[in-house]
Each structure stands twice: as structure tokens, then as C-alpha cells.
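Inspection log for the structure reproduced underneath, given as C-alpha cells.
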Amino acid sequence: MNTKIIGLLILNVQVASLLAQNPLLIPDTLSGSSINLTLQNGTFSFFSGQNTTTMGVNGDILGPTLILKKDNFVDITVNNQLSETTTIHWHGMHVSAANDGGPHTTIEPLELWNPRFTVLDKAGTYWYHPHLHENTNKHVSLGIAGFIIVRDDEEATLDLPRTYGSDDFPLVIQTKDFDINKQIVVPSNSDDVLMVNATIAPYLDVPAQVVRFRLLNGSSQRVFNIGLSGNQTFFQIASDGGLLNKPVVMNRLRMAPGERTEILIDFSDITEQSIQLMSYASELQNGTYGATRPGIGPIMTLNGYDPNPLNGNNFDILKFQVVAPTMNPVLSIPETLADVVPIPEISADITRTLFFTPESMGPNQLNGNFLINGLHFDMDVINYSIPLNNIEIWKITNQSAIAHPFHIHDIQFFVLDRNGVTPPQNELGRKDVILIDPMETVRVITQFTDFANDSVPYMLHCHMLTHEDKGMMLQFEVVDLTTGTRMEQINSGVVSVYPNPVKESNGTLTISGFSSDQVHLELYNMQGQKIIEQKIVTTIEPFTIHLPGNLHGTYLLNISGDKITHTQKIIVK
Ligand code: C2O
Ligand code: CU
Ligand code: CU
């Protein structure tokens with residue numbers, strides 16, 4: 001053999017190893033009424049021969065897939081063997097605030113947390129992840145994230161693939177940034193390593209039949225524009241909160257951080273031996289993390305964003321290799337799925353208005369903080385008190401230069417419209433995250449049922465974990481007012497009263513947003529006795545009132561004016 005041929009052979013070997021595909025890791029499952037999860041520090045080889053410091057659940061990376069049954073009770077023990085405080089949140093699930101695992105429900109190192117609840121959710125794909133304020137990105141990026149698959153009788157009657165790891169696969173798609181020592185950098189805007197189920201350059205053997213994939217965008221910031229190579233079509237069958245009415249034929253599916261979808265791919269149709277799951281990121285609009293420019297307009301910068309081959313370029317996510325079918329293959333796509341009944345707009349009790357703004361305007365805004373209604377997250381401030389069973393429209397406007405995936409805990413919502421236009425079929429199902437583009441207004445409708453709690457709030461936030469950690473999050477509580485004398489609470493959604501809770505009697509409450517010339521203000525205790533009555537003739541906002549001494553506990557503030565009626569619970573601590 002001459003040296004030229006040897007050279008070529010060596011070159012071939014190198015190319016082959018660069019393109020080497022790794023078999024997709026499939027997380028183990030846990031099911032039953034008692035589940036033990038241990039949060040632990042670990043090391044994992046994302047790159048062969050190199051160890052990366054990680055965090056995982058019952059292992060070094062990610063966590064087991066929990067398979068839960070609707071209406072069944074589950075008792076979970078979370079054992080924190082990390083060397084730091086964290087929380088575990090059941091994203092998308094309808095559980096009480098105390099079981100929700102938000103930032104208030106901390107688990108100290110070496111401590112146990114024991115949420116117990118009945119599964120009320122429809123069959124679907126949910127997930128769990130840490131939620132400690134300012135640390136969510138770190139704990140998720142280092143590896144803590146797991147799937148929750150809920151099964152129910154409605155889904156069980158459908159002819160759908162549901163054999164885990166055989167014709168039904170979970171796929172958590174993430175990008176991370178590694179330093180030269182192959183350690184994860186967090187936070188970072190230079191996430192150039194793509195992985196599925198913690199596997200870089202993954203492949204999966206799929207049977208030549210209809211196969212179901214449960215997709216989760218578990219990235220800190222990146223939006224994917226999912227598609228198949230060759231523009232092959234696929235079928236979306238579920239959104240965040242479970243099955244759609246019927247399968248929707250798709251060839252692109254935009255997925256923002258926190259979102260889940262379920263899709264069916266018919267591999268019996270596919271004549272190629274392999275096909276790629278891809279992100280057609282070149283088609284993402286500027287003003288999306290993952291597009292050529294992260295902000296609208298060419299000059300908007302985000303530190304560390306460039307250069308990154310994933311931004312604005314199409315890339316492969318997962319290679320499917322078609323193999324022989326299984327014993328009992330599903331061979332067709334069902335005509336119909338679940339009975340999803342959206343909440344009619346007419347039934348709404350109120351509309352709340354929310355808007356997103358950058359803390360500082362201008363071309364550098366993407367590097368700063370983002371605010372919701374001009375506010376920054378404050379652990380001690382409950383931003384909304386929502387009456388139990390209220391049906392609410394939230395009208396959310398993004399006044400910033402980047403798209404934000406907005407998430408609400410506790411509930412699933414329906415999207416009414418995007419900029420006044422009914423959304424596409426695949427967005428008409430139950431959702432808990434919605435990507436809101438720059439200058440877009442999205443209206444969603446939901447109902448706050450079952451769980452009221454005076455002491456633990458739920459979160460509403462941007463699911464870009466960098467934004468969330470930097471305060472793009474507010475909190476709401478669901479209150480049951482039927483025990484008080486004044487039963488109805490009408491929260492106008494525009495009046496804000498702060499601080500709430502107010503830390504002492506003799507304190508001062510500041511009220512803004514009433515925009516009426518004449519306002520009648522009353523404060524009641526829970527026995528229905530009037531504590532304060534004031535008529536305000538002013539156009540000047542904000543307005544302050546002084547609380548008398550020796551108040552303690554829960555009060556109702558009632559504000560009525562020519563343009564507004566607002567009743568809200570005030571807590572004096
Ligand atoms: Cu996925 Cu508040 O979180
Ligand atoms: Cu959540
Ligand atoms: Cu955001």
C-alpha cells in the first residue's frame with residue numbers, strides 16, 4: 001500500500017469517528033404509588049474519555065421517567081443528596097401549591113421532601129425539574145430533569161403506540177455550553193452542544209411502523225423548529241397538557257423551552273434507511289433565541305451568542321435507523337383522539353393584562369433583565385390573589401425584542417388568539433407554556449380549580465431559565481373566599497397594591513392603576529367589619545393609605561371607581 005492510500009484510510013477513520021453516532025440513552029421508569037427520587041451529584045461522559053461534573057436523579061444525569069395513572073394517589077420522597085438547597089417542581093401538573101415544588105418549597109441538603117397527591121391530569125407528557133430561585137438554570141443545566149408520563153382511560157382506548165422504549169420514546173432535547181475541560185458552563189449564551197437524553201450525536205433504531213415520540217425542549221433558552229429530513233410529514237397528537245382532538249399533519253413544529261409535544265412518525269412509509277429529526281433553525285424569525293439574530297433588528301446583541309453554528313442554521317437532532325417492526329405494530333394514524341373542550345371566552349370572570357418589557361431599553365436590552373408588568377420577582381410579594389374557580393383571560397403582550405416562553409403553574413390554558421387571530425390547530429389543545437413573539441399579544445383562558453392556599457403561592461414566569469433566574473417571574477395565590485363575609489373577589493388585573501403581604505400594621509399600602517377620578521376604598525376584616533373607608537378624589541397615582549395599628553391576618557380591600565371595581569385580599573403580617 002502506498003502512503004497516499006494509508007493517508008486516505010486514516011482520514012476516513014477520523015471522519016468516521018467525528019460522525020460517530022451514539023445509541024440514544026433511554027431513561028429508566030418508575031411507577032406505582034410510592035416513588036423515591038434521590039438528587040445527587042455525579043459525573044457523566046458526554047464526550048468519550050472525559051468526565052463532566054453533573055447532577056442527576058437516581059443516577060448521574062437526568063432522572064427516571066415517572067409513569068403515573070390519572071386518579072391514582074402517589075407518595076413521592078425526594079431525598080436531597082446534593083450539597084446545596086434545591087426544589088423539585090412537577091411542571092404542568094395540577095397539584096396543590098404546597099405540592100408544586102416552587103421556589104418556596106425548598107429541600108435542604110440531606111433533607112427529604114414528601115409531596116403526596118392524587119394525579120388529576122389528563123394523559124400526557126409532563127416533566128420535573130428544580131425551581132430554586134436564581135438556581136433553576138444551574139440545576140437543570142447540570143442535569144436534573146425527568147419526564148412524567150400520565151396515562152388515563154381515555155388515552156388507553158386509542159390505538160396509539162405506548163410501549164415505552166419500544167414504540168414510544170421520550171426525547172428531551174437540550175443544548176449546553178462546555179468549557180475546554182468539558183465542564184458545563186452556566187449561565188451561558190454559547191450553548192453549541194446539542195444532545196437528546198444526554199446523548200450527543202445520537203441515533204435510535206426505530207421499527208418500521210407508527211412510532212410515538214414525547215418531545216420536551218429542556219434547554220435553558222433555545223427554541224427549536226422541529227422537522228424531519230426531506231420535509232417528511234409527521235403528526236402532532238398532543239400539546240403540553242395532553243392529547244389534541246385529532247392528529248395534526250405537520251412538517252414544522254416550533255418548540256420553546258418547557259414545552260412538550262407528542263408526535264407520531266410512520267416509519268413504514270419511509271423508504272430511506274435513515275431519517276433525521278432536525279431543527280430547521282434557519283426558518284426561525286429573528287427575535288427568537290436560536291435564530292440568526294436573537295433580537296428583532298440586525299444590531300441587537302446578546303453576549304456570547306456569536307459565533308454558534310446552531311444559530312440560524314438547520315441542524316440534525318437525532319438519527320432514526322429504521323429496523324424490523326415489532327410483534328404488534330400500530331400501523332395507522334388514528335382519525336380522532338381525545339375530547340378536548342376549550343373554555344368558552346364568554347364564561348370568563350375577568351381579563352388580566354400582563355406585559356413584558358426589558359429593564360433597560362435599547363440595543364443592549366437582551367443582556368439585561370426582563371420584567372412582567374414592570375415588576376421584578378420578589379419572594380415576599382404575592383402579585384395576584386385569584387378567587388378559587390375563577391375563569392380568567394390573561395392578555396399578555398411582549399414589548400421586548402425577544403420571544404419569551406410564558407408559563408403558568410397549577411393550570412392548563414387554552415390559547416384564544418395570537419394578535420387577534422385564532423392559533424393553528426396544533427395550538428388549540430391544553431397548554432402550560434406559550435412562546436410570545438416580540439410585539440405579539442396572546443390571550444389565553446383558564447380556570448383556577450381545586451386548590452386554594454393562603455400560604456404558598458404558584459409561579460408565573462418566562463421559561464428561558466436565564467430570564468426566570470434574573471427575576472422574570474411573579475407569583476399568584478388561589479384563595480377560597482367563600483368563608484369570608486364578602487364572597488366575591490373581583491380582581492381588575494390592573495390595580496396593584498403593594499407591599500402585599502404588608503409586614504406590619506401601622507404600615508402603608510400603595511395603590512396604583514385605578515385610573516379613575518373618584519375612588520371609593522374600603523378595607524374589611526374577614527368578619528366583614530369595615531376597618532377603613534376613604535373617598536379619594538384624585539388623578540394622582542400611586543396613592544397611599546396608612547393602616548391603623550394592631551391589624552393582623554387577612555383583610556379584603558375593595559376599590560370602586562367610575563372605571564374600576566377591584567377587590568383583593570391583603571395580608572398583614
Ligand atoms: Cu417548568 Cu415554573 O417551571
Ligand atoms: Cu411549571
Ligand atoms: Cu424571557
Side-chain angles (χ1 to χ4, degrees), residues 63 86-97 99-105 115 121 124-137 139-141 144-148 172 174 187 189 216-223 240-241 255-260 287-290 294-295 302 354-359 365-373 376-377 379 396-413 430-438 440 442 446 456-476:
T86 193
T87 85
I88 290 291
H89 165 59
W90 320 105
H91 178 130
M93 295 191 73
H94 179 47
V95 297
S96 72
N99 282 320
D100 185 54
H104 296 266
T105 311
D121 302 278
T125 306
Y126 306 87
W127 66 303
Y128 59 95
H129 64 77
H131 215 304
L132 183 69
H133 185 47
E134 297 179 327
N135 291 272
T136 299
N137 193 10
H139 296 166
V140 173
S141 291
I144 303 188
F147 280 93
I148 302 170
V172 50
Q174 295 175 302
N189 300 321
L216 159 63
N217 182 345
S219 297
S220 298
Q221 307 196 83
R222 183 168 301 275
V223 175
D240 299 323
M255 287 189 72
E259 284 189 299
R260 291 89 60 214
T288 312
Y289 193 107
L302 184 57
L354 289 87
F355 57 93
F356 305 154
T357 47
E359 193 166 50
Q365 64 165 265
L366 303 185
N367 293 307
N369 299 342
F370 291 93
L371 308 173
I372 303 176
N373 287 5
H376 195 265
F377 181 67
M379 282 288 270
I396 313 144
T397 301
N398 180 1
Q399 299 172 2
S400 76
I402 189 168
H404 301 275
F406 181 67
H407 172 50
I408 311 175
H409 285 214
D410 179 31
I411 52 86
Q412 292 288 324
F413 54 72
R430 291 152 48 89
K431 287 192 60 57
D432 56 59
V433 178
I434 183 79
L435 186 63
I436 305 179
D437 283 317
E440 188 180 31
V442 172
T446 189
V456 188
Y458 290 109
M459 301 297 128
L460 55 121
H461 61 90
C462 175
H463 221 289
M464 285 175 81
L465 302 181
T466 47
H467 294 179
E468 174 191 338
D469 276 346
K470 286 162 81 188
M472 194 178 179
M473 175 157 71
L474 299 181
Q475 13 191 20
F476 68 94

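One-based numbering, in listed order, for ligands and for the atoms of each.
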Margin query: atom 1 (Cu) of ligand 1 and H463: any N/O/S contact shorter than 2.8 Å?
Written below: yes

Next item on the list: Would you confirm whether the ring centroid of H409 sits within less than 6.0 angstrom of the ring centroid of H461?
Entry: yes

Check: H463 and W127: aromatic ring centres closer than 6.0 Å?
Finding: yes

Next item on the list: Can you tell me, to 10 degrees, how wide the angle at the Cu ion (ligand 2) is between NE2 on H407 and NE2 on H89?
Entry: 170°

Next item on the list: Determine which of the N, O or S atoms in H404 is closest to the Cu ion (ligand 3) and give its atom name.
Entry: ND1

Note to self: Using 2.8 Å as the threshold, say whether any N, O or S atom from H129 sits that close to atom 1 (Cu) of ligand 1.
What the structure shows: yes

Notebook entry, point to check: Tell me, do Y289 and N189 make a side-chain contact under 4.5 Å, heavy atoms counted?
Noted result: yes

Next item on the list: Please find out if atom 1 (Cu) of ligand 1 and some N, O or S atom of H91 are separated by less than 2.8 Å.
Entry: yes

Notebook entry, point to check: Going from NE2 on H404 to OG1 on T288, what distance comes out if it is rounded to the nearest 0.5 angstrom?
Noted result: 11.0 Å

Check: Any side-chain heavy atom of P405 within less than 4.5 Å of one from L435?
Finding: yes

Next item on the list: Write the atom name of the N, O or S atom in H467 that is nearest the Cu ion (ligand 3).
Entry: ND1

